[in-house]
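In listed order, ligands and their atoms are each counted from 1.
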Amino acid sequence: MTKKIMLSGIQPTGELHIGNYLGAIKNWVSLFEKYYGYFIVVDYHAITIEYDVSVMQKRIIEAAIEYLACGLTPDKCSIFIQSHVPAHTELAWIFNSVIPVAELERMTQYKDKSKNNETNINAGLLTYPALMASDILLYQPHAVPVGEDQAQHLELTRMIARKFNARYGEYFIEPDTIHSNVPRILGLDGQRKMSKSLQNHISLRMTDKETETAILRKGVTDLNRKLKTDKGNPDICNMYKWHTIFSSEDEQKECAQSCRNASIGCVDCKRILVKNINNELSPIREKINELENNKDYVYDVLSDGAKKANEIASSILNGAKEKMGLLSHRE
Ligand code: SF4
């Protein structure tokens, strides 16, 4: 039986962290039984904000390595780089002629990014949803696993498909959203979304020791618990939330109970968490090291992925052009 198609992407803006892993990649891996995947390193999206040109290539390859190490293997999906498939920007231009500017201006991400990039509010920030719609609709996926922060973009993608179909005739399928069933975790500070730029993250590439140091030093607990002899409340402890994802049920119960009756200190409680996080990440970290020493394999995977993506994407793009009454290019 032919599998359904799912598609998603991540920007190569820095080392992936456990927030990306739990909220996105782990979810994608769990969907492989039902879906074949297209996973994109969306480099064109990453250039709409200021970035360090000298490390961009490294970041792109690192993102691909991390995808592979997390289990996005080429027998189950195609991994490719967005800028290696020219149809993405071509279809984005077509969609630019379909989307009302007012719809782009009301996007939360545009407003947030404009506020944070006051010296570089470029047109790409505004038209980002056209490229994202193109990334998605070129592969006619049945489902797009996205985080809550991308839900508005996916809704706009569906609207773009409807507008195109209404103007030129039925063509694009409106994809469904699949939300991750893993609760979103906050960063070590317990206040904000996990992010490398906020230095409140645990990256997939950290060593066991670095993970331990970050959690012991920066992991915010129940702030009312000042002394080891104070009783704590796991329900308001960010580190306990992490336990509920990484630790066994028995360990969770034991930690919660010991916290409430002050028979465990936060350092010991965090050490249990560190052990479990390192256990979960250990095979991924090993694989990352292996792939870092075998980059030719990674380039081959990306090349195969782009070849497959180009075949599908150019056929969908040509179909869209025909619907629009444009003249096909003859060889
Ligand atoms: Fe949080 Fe554990 Fe400390 Fe309780 S003992 S406050 S659950 S880190």
Side-chain angles (χ1 to χ4, degrees), residues 10 13-30 66 69-71 145-150 179-289:
I10 279 187
T13 47
E15 289 173 19
L16 293 183
H17 52 62
I18 56 172
N20 307 126
Y21 170 64
L22 294 168
I25 303 175
K26 198 172 176 184
N27 185 36
W28 303 345
V29 172
S30 74
E66 287 157 6
C70 288
V146 292
E148 286 160 28
D149 51 345
Q150 290 299 321
H179 286 293
S180 168
N181 51 11
V182 179
R184 231 177 62 188
I185 61 168
L186 291 172
L188 286 161
D189 54 13
Q191 302 279 325
R192 295 165 298 180
K193 196 175 152 181
M194 188 174 286
S195 151
K196 192 184 175 203
S197 60
L198 297 171
Q199 287 295 299
N200 66 355
H201 70 301
I202 300 294
S203 104
L204 298 183
R205 288 173 181 262
M206 278 180 177
T207 62
D208 287 4
K209 188 68 199 158
E210 286 166 343
T211 303
E212 180 181 44
T213 306
I215 289 177
L216 292 186
R217 283 205 191 136
K218 296 189 192 165
V220 170
T221 59
D222 169 5
L223 293 172
N224 298 321
R225 193 177 188 209
K226 308 275 186 239
L227 302 168
K228 198 174 167 180
T229 47
D230 293 340
K231 290 180 180 172
N233 180 0
D235 297 337
I236 55 167
C237 170
N238 189 42
M239 289 297 96
Y240 186 72
K241 285 217 175 68
W242 287 28
H243 264 299
T244 61
I245 293 164
F246 289 101
S247 302
S248 68
E249 280 190 19
D250 286 350
E251 283 170 320
Q252 289 175 37
K253 265 189 215 152
E254 177 68 30
C255 286
Q257 206 173 17
S258 307
C259 173
R260 288 199 173 92
N261 64 26
S263 62
I264 190 170
C266 287
V267 171
D268 288 336
C269 182
K270 284 177 171 182
R271 282 194 200 284
I272 297 169
L273 176 65
V274 168
K275 174 199 72 171
N276 292 329
I277 291 179
N278 282 338
N279 279 347
E280 171 129 10
L281 297 187
S282 163
I284 295 173
R285 288 169 170 164
E286 270 173 35
K287 193 74 191 166
I288 287 174
N289 289 335

N289 side chain to E286 main-chain N or O, any donor-acceptor pair under 3.5 Å? no
Is it true that atom NZ of K287 has more than 12 heavy atoms of other residues, nucleotides or ligands lying nearer than 6.0 Å? no
Any donor-acceptor pair under 3.5 Å linking the side chain of D230 with the backbone of L227? yes
What's the count of protein N, O or S atoms under 2.8 Å from atom 4 (Fe) of ligand 1? 1
Main chain of L223, side chain of K226: is a donor-acceptor contact present, judged purely on distance under 3.5 Å? yes
Consider only side-chain N and O atoms of D250 and S248, and report whether a donor and an acceptor are under 3.5 Å apart. no
Name all pairs fulfilling the side chain to side chain donor-acceptor pair (under 3.5 Å) condition that reach into residues 186-206, sequence neighbours left out, sorted by first residue then second. E15-S203, E66-R205, D149-K193, D189-R192, D189-N200, S195-S197, R205-E292
